[in-house]
Amino acid sequence: MKKLWHSLSLLARRRSFSSFSKSYASDAPFNRCTKTRELLIRPNKFVTTPFQNMGTLVQKTSPIPSRQRKIMEKSQLEETFESAETTEEMLKAFSNMEEVFEERELGLASLKIGLKLDHEGEDPEKALSFANRALKALDKDNTSPSLPVAMCLQLLGSVNFRLKRFSDSLGYLNRANRVLGRLQDEGLDVDVRPVLHAVQLELANVKNAMGRREEALENLRKCLEIKEMTFEEDSGELGKANRDLAEAYVAVLHFKEALPYCLKALEIHTKGLGQNSVEVAHDRKLLGIVYSGLEEHEKALEQNVLAQRILKNWNLSADLLRAEIDAANMMIALGRYDEAVGTLNGVVHQTEKDSETRALVLVSMAKALCNQEKFAECKRCLVVSLGILEKRERISPVEVAEAYSEISMQYETMNEFETAILLLKRTLALLEKQPQEQHSEGSVSARIGWLLLLTGKVKQAIPYLESAAERLKDSFGPKHFGVGYIYNNLGAAYLELDRPQSAAQMFAVAKDIMDVSLGSHHADTIEACQNLSKAYGEMGSYVLAIEFQQQVIDAWESHGASAEDELREAHRLLEQLKKKAHGPSANELPMKALPLGKTPATSRNSKLES
């Protein structure tokens, strides 16, 4: 059983990250994690010693005791199982072991088969069956933590994730995390890092799939910390881990937080692999996206050009095409529309007629043409791209949904709001079937709500905005700046429906969130405060309306000369409120500020312009 545990440990390390494998093979602590059988003496078939056969008497062979014979049989079965390389060979050997071993003795073998099946990914239900058998056999003592039990729990989490049973997966992984934490706290001579890394990475995957992306970031940070404790500071593994974390921050639009990790990845890969490596190209591509998110488009384009040069050297045509499309989008952001169209014209001829890449090229070209107000040409590009994308909805639903969303923005820019709304509803229908895209689903719902408000369909807008709030609450956290924009829109909707008290509640939530996420002097925070003042004014609660209007004035004053017009308008509204406060319609009793409600989150695109 000692050899079985040893090979199992190797397999676990490979599942976590391959660079651990070399040191793991000689780790004595892992061998001390499980009870091992006593040393078995295997008698030779024939033993020769000097002068042994010189006598004439026939020696009688003593019979092997049944207990020893059973031990030998078990040992041979274990060796056969250990030497098995394919899944079929392992299952056959395991079947033979079942006839001799008791169920409680088959825990490690069940675990090894479960890990093998999970790695192959072809039969998750069978992997689940072996994982459950392993846990039942190994988890005999719930009071003392053990590494094999943690590995069983990690396997159960992984298999349930494959089966899209995310809640079950999360439960097993959290329990595995607790077991590993106890092993660390008790100071046992056990290296838990490989399994701990696998658990943290799986937790991040599950939380992303559940739309809980902010929480997933914490698990990815722990993955990086484990690797930092394990590898040399210039190790390629650390480079990849830094880039993974940067990508996770980009996914939740935290570009500022992504930047240092992306730069660190680039530094490590450049030092270890040289300027012309593929890893450096990927780092530079990501860095370009980060700079675009920070609206530093010149820097973004510079990184993209460097990445393209490397990809061209390695003849990575597919990656190069994507990089060229990204470059064109950066040119559009810089207002270099003709240059962008020229780049895209060069790219489109390198794509297949009905390929997803061609559709993306046409969408970017439409964006450039739209900015040049060449609307007829823009629409032609969009129609062709939609024809391609419709055929790929089942093949690449998430990518198609993203493209539909981008196309809807072009129609929105051309003031064709009904078409934009229809496209967003098609986007929503695709995303609703993808549980891991809950954050995107919420953002699209928010955009639909905003466009419905814009076109005067206020009652229709409210359910979409409320749905967006629910979807995004767990994805980005209650104090994400996007939460404020959704509630600002809901406040505008209620104000339009002549429900100023409900509107004031929404605006109060929006302001509270923006104070934290953007700061009290940010233009959008000031707008929320202005809206709150307006709502209280509509209610006739002029004391509170004047108080918040004064906060608006104080905030605009901090902007100096750049906000002279806004400050002038804020003073005008304050004087207007003061006149109303002294009029016959003013409330005799001052009203208390309305309580704040719970806050969800959304994307910045859902902002309603007042």
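Treat the numbers as computed from the prediction; the structure is a model and nothing was measured.
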Side-chain ([X]) to main-chain ([Y]) donor-acceptor, under 3.5 angstrom:
X: Asn174; Y: Leu170; value: yes
X: Thr419; Y: Tyr411; value: no
X: His522; Y: Leu518; value: no
X: Thr270; Y: Glu267; value: no
X: Glu406; Y: Glu402; value: no
X: Thr413; Y: Met409; value: yes
X: Asn242; Y: Leu238; value: yes
X: Asn304; Y: Lys285; value: no
X: Thr455; Y: Leu451; value: yes

Judged by modelled atom types alone, do [X] and [Y] share a side-chain donor-acceptor pair under 3.5 Å?
X: Gln372; Y: Asp338; answer: yes
X: Gln436; Y: Asn208; answer: no
X: Ser364; Y: Asn329; answer: yes
X: Arg358; Y: Ser385; answer: no
X: Arg471; Y: Ser443; answer: no

Quiz prompt | Pairs where residues 288-298 contributes a residue and the test side chain to side chain donor-acceptor pair (under 3.5 Å) is met, not counting sequence neighbours | solution =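 Non-adjacent pairs meeting side chain to side chain donor-acceptor pair (under 3.5 Å): Glu296-Lys299.
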
Self-check item: side chain to side chain donor-acceptor pair (under 3.5 Å) pairs, two or more places apart, involving residues 252-262
Solution: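 Applying side chain to side chain donor-acceptor pair (under 3.5 Å) to every pair that reaches into residues 252-262, excluding sequence neighbours, yields Glu214-His254.
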
What I want to find out is whether [X] reaches [Y] closely enough, with some N-O distance under 4.0 Å, to be called a salt bridge.
X: Lys312; Y: Glu324; answer: no
X: Asp244; Y: Lys240; answer: no
X: Lys207; Y: Glu218; answer: no
X: Asp565; Y: Arg568; answer: yes
X: Arg426; Y: Glu390; answer: yes

Quiz item: Which heavy atom of Thr525 sits nearest a heavy atom of Asp515, and at what distance?
Solution: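 Taking every non-hydrogen atom into account, CG2-OD1, 3.1 Å.
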
Quiz prompt | Minimal non-hydrogen separation, Gly491 against Ala503, with atom names | solution =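 Closest approach of Gly491 to Ala503: O-CB, 3.3 Å.
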
Quiz prompt | Side-chain touch Glu566/Ile526, heavy atoms, less than 4.5 angstrom | solution =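 The answer is no, as the side chains (C-beta and beyond) never meet within the 4.5 Å cut-off.
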
Quiz item: Just wondering, do Met414 and Cys378 contact through their side chains at under 4.5 Å, heavy atoms?
Solution: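 A side-chain contact exists here, since the closest heavy-atom pair is under 4.5 Å.
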
Practice problem: Starting from the C-alpha separation in whole Å, work towards a yes-or-no answer on salt bridge (charged side-chain N to carboxylate O under 4.0 Å, His left out) for Glu569 and Arg572. | Solution: CA-CA 5 Å; Glu569 176 65 11; Arg572 186 188 71 78; 2.7 Å; yes

With rounding to the nearest 0.5 Å, note down the distance linking [atom1] in [X] to [atom2] in [Y].
X: Glu432; Y: Glu437; atom1: CD; atom2: CD; value: 13.0 Å
X: Gln549; Y: Leu544; atom1: CD; atom2: CG; value: 13.0 Å
X: Tyr542; Y: Gln576; atom1: OH; atom2: CD; value: 9.5 Å
X: Cys262; Y: Arg284; atom1: SG; atom2: CZ; value: 10.0 Å
X: Ser533; Y: Glu538; atom1: OG; atom2: CD; value: 10.5 Å
X: Tyr536; Y: Ile546; atom1: OH; atom2: CD1; value: 14.0 Å

Quiz item: Checking salt bridge (charged side-chain N to carboxylate O under 4.0 Å, His left out) for the pair Glu399/Arg392: CA distance, chi angles, key distance, verdict?
Solution: CA-CA 9 Å; Glu399 291 76 10; Arg392 301 189 63 83; over 6 Å; no

Quiz item: Mind checking what makes side-chain hydrogen bond (donor to acceptor under 3.5 Å, both in side chains) contact with Glu215, not counting sequence neighbours?
Solution: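 For Glu215 the side-chain hydrogen bond (donor to acceptor under 3.5 Å, both in side chains) partners, ignoring immediate neighbours, are Arg212.
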
Self-check item: side-chain contact (heavy atoms from CB on, under 4.5 Å) between Phe161 and Glu202, intermediate numbers included
Solution: CA-CA 8 Å; Phe161 174 69; Glu202 205 74 61; 3.6 Å; yes

